[in-house]
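To keep things clear, I will list the structure first and then write my remarks on it.
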There are 2 protein chains.
Amino acid sequence: MMFSKKCEYALKAAIYLYIKSIDGKKLGIKELAKEIESPEPFTAKILQELVRAKIISSNKGPNGGFYIDPKAKPVLVIDLIDLIDGKDSFDRCGLGLKECSESHPCPIHKEFKSYSSRLKKLLTTKTLKEFAESVELGDAFINN
Amino acid sequence: MMFSKKCEYALKAAIYLYIKSIDGKKLGIKELAKEIESPEPFTAKILQELVRAKIISSNKGPNGGFYIDPKAKPVLVIDLIDLIDGKDSFDRCGLGLKECSESHPCPIHKEFKSYSSRLKKLLTTKTLKEFAESVELGDAFINN
DNA sequence: GGACATTAAGACCTTTTTGTCTTTATTTAT
DNA sequence: ATAAATAAAGACAAAAAGGTCTTAATGTCC
C-alpha cells in the first residue's frame with residue numbers, strides 16, 4: 001500500500017543479500033527468491049536494476065551471483081526506495097490533492113504528514129546494514 | 001499511495017455532496033465531477049456504488065441528482081473507505097509480510113503500525129459530516 | 001578453447017486499476 | 001402521452017503494475 005511490490009521485494013532482497021554478504025557469500029537468483037518468497041523472474045529484473053544503480057553487485061559465471069560489498073559506501077534505505085518508487089511517494093496527499101500543505105490541508109493532512117515525514121526521516125538515517133543487522137540479531141524479520 | 005484513486009474520488013465526492021446537501025440541493029454527475037476534478041464517467045461508477053451501499057442517495061429524472069440526507073444516520077469515513085478499498089488496507093505490513101506483529105516485526109513495523117492505527121482510529125471516529133463541516137469552514141480543502 | 005553456470009536484457013504476457021462509451025431505465029414537466 | 005433530463009448498468013478500452021520466458025552475454029573451470 002505504501003510501497004509497491006517491486007519495492008518490497010527490492011528491500012527484502014537487499015537486506016537478505018547484505019546478511020549473506022557478510023560471510024563473503026554470493027547468492028544465485030534462485031536461492032534468493034526462494035528465501036524472500038518472491039517470484040523468481042520478477043526478482044531477477046529488480047536485482048538487475050539494483051546492480052545498475054550500484055546498490056548491489058553481481059558476477060556472472062560459475063560461482064557467480066549477487067552480493068553486496070560490505071566495505072562499499074553504506075546504502076541508505078531511502079535511496080533504494082527512491083530508485084524503485086521515487087522519493088515523492090512520501091509526499092503525496094492522502095486525497096490526491098496537488099497542493100496539500102499546512103496552509104491548504106486536506107481533511108487528513110495532519111495525520112498523513114506527521115506519519116510520512118517521520119517514516120521518511122527514519123529511512124533517511126537508516127542504512128541497509130542496520131536493517132540487516134537487526135534481522136540477523138532476530139530483532140526483525142523479512143519473511144514468515 | 002494509501003488510498004486508491006477510486007477511494008480518493010469517493011471521499012471527495014461524498015464530502016462535497018454533503019456540503020451541498022445541507023442546502024437541500026441535488027447534484028448532477030457533471031457538476032460534481034467538475035467540482036472535485038475527477039473523471040466524469042469513472043466518478044459516475046463510483047457514485048453508483050455509494051448509492052447501492054446507501055452512503056449517498058440519488059433521484060432520476062429532471063431535478064434529480066445525487067445527494068445525502070443530512071438527517072440520515074451519520075456515515076463514518078472509515079465505512080466509505082472500507083467499502084471501496086477494504087478495511088485491511090490499514091493493516092498491511094510495509095514489506096508485505098503475512099504476519100507482521102509486535103513479536104514478529106518487519107524492520108519498519110513500529111513506525112508503520114503506530115501510524116496506521118492512529119489514522120484508522122481517527123477515521124473510525126470521524127463522520128462525513130465532520131469532514132464536510134471543516135471544509136465548509138475553510139479549515140480543510142478537497143481541491144486545489 | 002569448449003562446456004557449463006550464471007547474470008543481463010528484452011520481449012512478452014496477465015491482472016488490476018483506471019477510465020470511457022453506449023444503451024437502458026426512471027422520473028418529471030408539459 | 002410525450003419529450004427531456006437524469007441516473008443505472010454493463011460492455012469496452014487504456015494504462016500501470018506485476019510477472020514470465022527466451023535468448024544473449026559473460027565469466028569459470030577443465
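Below, all heavy atoms of this structure are taken into account, side chains as well, without hydrogens, waters or symmetry copies. Each chain gets a letter, A, B and so on, in the order its sequence line appears, and its residues count up from 1. For clarity, every value in this text was computed on a predicted model and none was experimentally measured.
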Starting from the 5' end of DNA chain C, give me the residue, A:G64 or B:T43, whose nearest nucleotide shows up first.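 Its nearest nucleotide lies further toward 5', so the answer is A:G64.
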
When the distance from [atom1] of [X] to [atom2] of [N] is rounded to whole Å, what number comes out?
X	N	atom1	atom2	value
A:E40	C:dT6	CD	C1'	12 Å
B:E49	D:dA9	CD	P	11 Å
A:K5	C:dT15	NZ	P	17 Å
A:Y67	C:dT7	OH	P	12 Å
B:I84	C:dT18	CD1	C1'	13 Å
A:F42	C:dT14	CZ	P	16 Å
A:E8	D:dG19	CD	P	10 Å
A:K54	C:dT7	NZ	P	20 Å

Listed nucleotide nearest any side-chain atom of A:P39, set D:dG18, D:dA8, D:dT20: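 When the side chain of A:P39 is considered, D:dT20 is the closest of D:dG18, D:dA8, D:dT20.
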
So for B:Q48 and D:dA9, does any side-chain atom that can act as donor or acceptor lie under 3.5 Å from a complementary atom in the base?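 Check passes, donor-acceptor contact within cut-off.
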
Below 4.5 Å, heavy atoms only, C-beta onward: do A:E136 and A:I22 meet side chain to side chain?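 A:E136 vs A:I22: side chains touch.
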
Hey, does B:K34 have a side-chain heavy atom less than 4.5 Å from the side chain of B:E40?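 They are not in side-chain contact.
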
Letter by letter from the 5' end, nucleotides 21-30 of chain D scores (B base, S sugar-phosphate only, - none; protein heavy atoms under 4.0 Å) B---BBBBS-

Please tell me if [X] has a side-chain N or O lying less than 4.0 Å from either OP1 or OP2 of [N].
X	N	answer
B:R52	D:dA9	yes
B:Y9	C:dG19	yes
A:S58	C:dT6	no

Qualifying residue, where the test is salt bridge (charged side-chain N to carboxylate O under 4.0 Å, His left out) with A:K120 and the options are A:D82, A:D88, A:D91: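 Option passing the salt bridge (charged side-chain N to carboxylate O under 4.0 Å, His left out) with A:K120: A:D91.
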
Plane angle bin for B:F141 and A:H104 - parallel if under 30°, tilted between 30 and 60°, otherwise perpendicular: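 Parallel: the ring planes of A:H104 and B:F141 meet at under 30°.
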
Using the six-membered ring wherever Trp is involved, compare the ring planes of A:F112 and B:F3 and label them parallel, tilted or perpendicular (cut-offs 30° and 60°).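 The arrangement is tilted - the two ring planes meet at 30° to 60°.
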
Does anything in residues 16-37 of chain B reach DNA chain C, meaning a heavy atom under 4.0 Å, and if so which residues?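 Here the set is empty: none.
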
N/O donor-acceptor pair under 3.5 Å between A:D69 side chain and A:K71 backbone: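 Yes, A:D69 side chain to A:K71 backbone: donor-acceptor pair under 3.5 Å.
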
For the side chain of B:E130 and the backbone of B:T127, is there at least one donor-acceptor N/O pair under 3.5 Å apart?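 Looks like yes, one N/O pair under 3.5 Å.
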
To the nearest 0.5 Å, how far apart are OG in B:S114 and NE2 in B:H109?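 It is 9.0 Å, given to the nearest 0.5 Å.
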
hydrophobic_cluster_shared for A:I81 and A:L50, side chain cutoff 4.5 Å: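 Linked, A:L50 and A:I81 end up in one cluster.
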
